[in-house]
Amino acid sequence: MPELPEVETVRRTLAPLVVGRMIVGARFGVFAGVVGTLTPDEFTARITGQRIEAVGRRAKYLFLALENGAFLMVHLRMTGQLVVADRHDSVLRFEHLAIELTEGRDLRFADQRKFGRVLLATAAEVAALNHRLGPEPLAPAFSAGALGQLLTRRPGRLKSVLLDQRVVAGLGNIYVDEALFRARLHPERAATGLTPHEVRRLHHALRTSLRQGIANRGTTFSSFHDAAGDAGGNQHHLLVYGRGRAGLPCVRCHRPLVRSVVGGRGTSSCPRCQRIEGEPSPPG
DNA sequence: TGTTATGTTGCCAT
DNA sequence: TATGGCAACATAAC
């Protein structure tokens, strides 16, 4: 679930709940590997006493800036959740870490599949990660021309290239499928073969899909919740994602959507509106 | 009850 | 070096 709009939704709900509060301790569940290679004691010792100064996002990463210049770098992967709760609230299902804050609050990290991580990172490590990632698709500098330049250098299928975080950062399976449908582009088109007009359509579609996701506070299928524990609403506004398997009708041409596998990822698309060759036909 | 799919990404082989 | 497949894990649905 957590792609750029979901992570941004967590950031927005988390920030007012933790910024300005100080870390006073930490508790661990059975999976201590959630913090990487540090032992629970090391992790706890290094963050205790630090005030949380800001909550930032880059791609699908969240960064909690600590006053000593270090960062707590969080990646939710598939099923990670970051929730603020009261100290005495019951342990969450799949809870691996509780960072204890002032005023009796906890920042809890839960993750059914144990892929997510809460890592303590230096500013240099954060800068290195930032350097490895492609541009933020909602940043003002991310123009259609910039997208076109990135795509011309990337062989491979369009969907796979868009999912590569080094090309554009923050896109995932949901929003790529949504954007490709909006742009009427087949996911298996060669990324280098788009016309300038198609690149402009894709650029607009990406930003529209992401902005809609944020406006709806993220897409919740099962596990995604914001830092206050609330589900998102964007699942009610998806055009194609998850709809190909059942062959639900295309909202544009009303013919059945199809499911395929592209780059190992389940993919929903409209075989009529998203053609591999040439311009798609008008609806009807 | 076994098989398959799931929002991500890093590793390994080619 | 770039790309594609798969594993990491737990669960739900078929």
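Throughout, protein chains are lettered first and strands after them, A, B, ... in sequence-line order, and every chain is numbered starting at 1.
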ask   = For DNA chain B, what is the dot-bracket line, given that a base pair needs Watson-Crick (N1 to N3, plus N6-O4 or O6-N4) or G-U wobble (N1-O2 and O6-N3) geometry with both distances under 3.5 Å, and | means paired with another strand?
value = .|||||.|||||||
query = How long is the line joining CZ of A:F224 and C1' of B:dT8, in whole Å?
reply = 15 Å
query = Using the P atom in both, what is the distance from B:dT4 to C:dC6, to the nearest Å?
reply = 13 Å
message = Has A:R117 got a side-chain atom pairing as donor or acceptor with A:K114's backbone, closer than 3.5 angstrom?
response = yes
message = I want to check something: taking the side chain as every heavy atom from C-beta on, are A:I214 and A:L138 in contact at a cut-off of under 4.5 Å?
response = yes
message = With no hydrogens and no angle check, just 3.5 Å: does a side-chain donor-acceptor pair link A:Q212 and A:R182?
response = yes
request  = Keeping the roles fixed (side chain from A:H237, backbone from A:Q235), state whether a donor-acceptor pair exists under 3.5 Å.
outcome  = no
Atom-pair distance (CZ on A:R154; C1' on C:dG4), nearest Å = 13 Å
request  = Let me know the distance between CG of A:L119 and P of B:dG10, rounded to the nearest Å.
outcome  = 11 Å
query = Do NZ/NE/NH1/NH2 and the carboxylate oxygens of A:R184 and A:E198 come within less than 4.0 Å?
reply = no
ask   = Between B:dT6, B:dT8, B:dG10, which nucleotide gets closest to the side-chain atoms of A:R259?
value = B:dT6
task = May I ask you to say whether A:D111 pairs ionically with A:R77, meaning some side-chain N is under 4.0 Å from a carboxylate O?
result = no
task = Tell me, yes or no, whether the heavy-atom count around A:Q149 atom CD, taken from other residues, nucleotides or ligands under 6.0 Å, exceeds 12.
result = no
inquiry  = So, OP1 or OP2 of B:dT8: does either fall under 4.0 Å of a side-chain N or O from A:H75?
reply    = no
Atom-to-atom span, CG of A:L151 to P of C:dA2 - whole angstrom = 16 Å
query = Separation of A:R157 atom CZ from C:dG5 atom P, in whole Å?
reply = 6 Å
inquiry  = For DNA chain B, which residues of residues 163-172 of chain A approach it to below 4.0 angstrom with any heavy atom?
reply    = A:Q165, A:G172
task = Would you mind reading off the distance between A:N173 atom CG and B:dT9 atom C1', rounded to a whole angstrom?
result = 13 Å
task = May I ask you to check whether A:Y61 and A:Q165 show a side-chain donor-acceptor distance below 3.5 Å?
result = no
A:D164 side chain to A:R166 backbone, donor-acceptor under 3.5 Å = yes
task = Give the intermediate values and the outcome of salt bridge (Lys or Arg N to Asp or Glu O under 4.0 Å) for residues A:K60 and A:E3.
result = CA-CA 6 Å; A:K60 302 172 192 173; A:E3 303 180 30; 5.5 Å; no
query = Say you pick atom P in B:dT3 and the same atom in C:dA7; how far apart are they, in whole Å?
reply = 15 Å
request  = Between protein and nucleotides 8-14 of chain C, map the contacts as a letter string: B base, S sugar-phosphate only, - none, heavy atoms under 4.0 Å, written 5' to 3'.
outcome  = BBBS---
key: Criterion ring pair (Phe, Tyr, Trp, His ring centres under 6.0 Å) against A:H96, the qualifying member of A:F115, A:F43, A:F28, A:F31   = A:F31
query = If we ignore angles and hydrogens, is there a donor and acceptor under 3.5 Å between the side chains of A:T219 and A:Y241?
reply = no
request  = For A:F31, answer base if it contacts any base atom (sugar-phosphate contacts may also be present), sugar-phosphate if it contacts only those atoms, and nothing otherwise; contact means non-hydrogen atoms under 4.0 Å.
outcome  = nothing
task = To the nearest Å, give me how far apart CG (A:L162) and P (C:dG4) are.
result = 13 Å
inquiry  = Please classify the nucleic acid contact of A:R153 as base, sugar-phosphate, or nothing, using heavy-atom distances under 4.0 Å.
reply    = nothing
message = If I pick the P atom on B:dC11 and the same atom on C:dC9, what distance separates them, to the nearest angstrom?
response = 15 Å
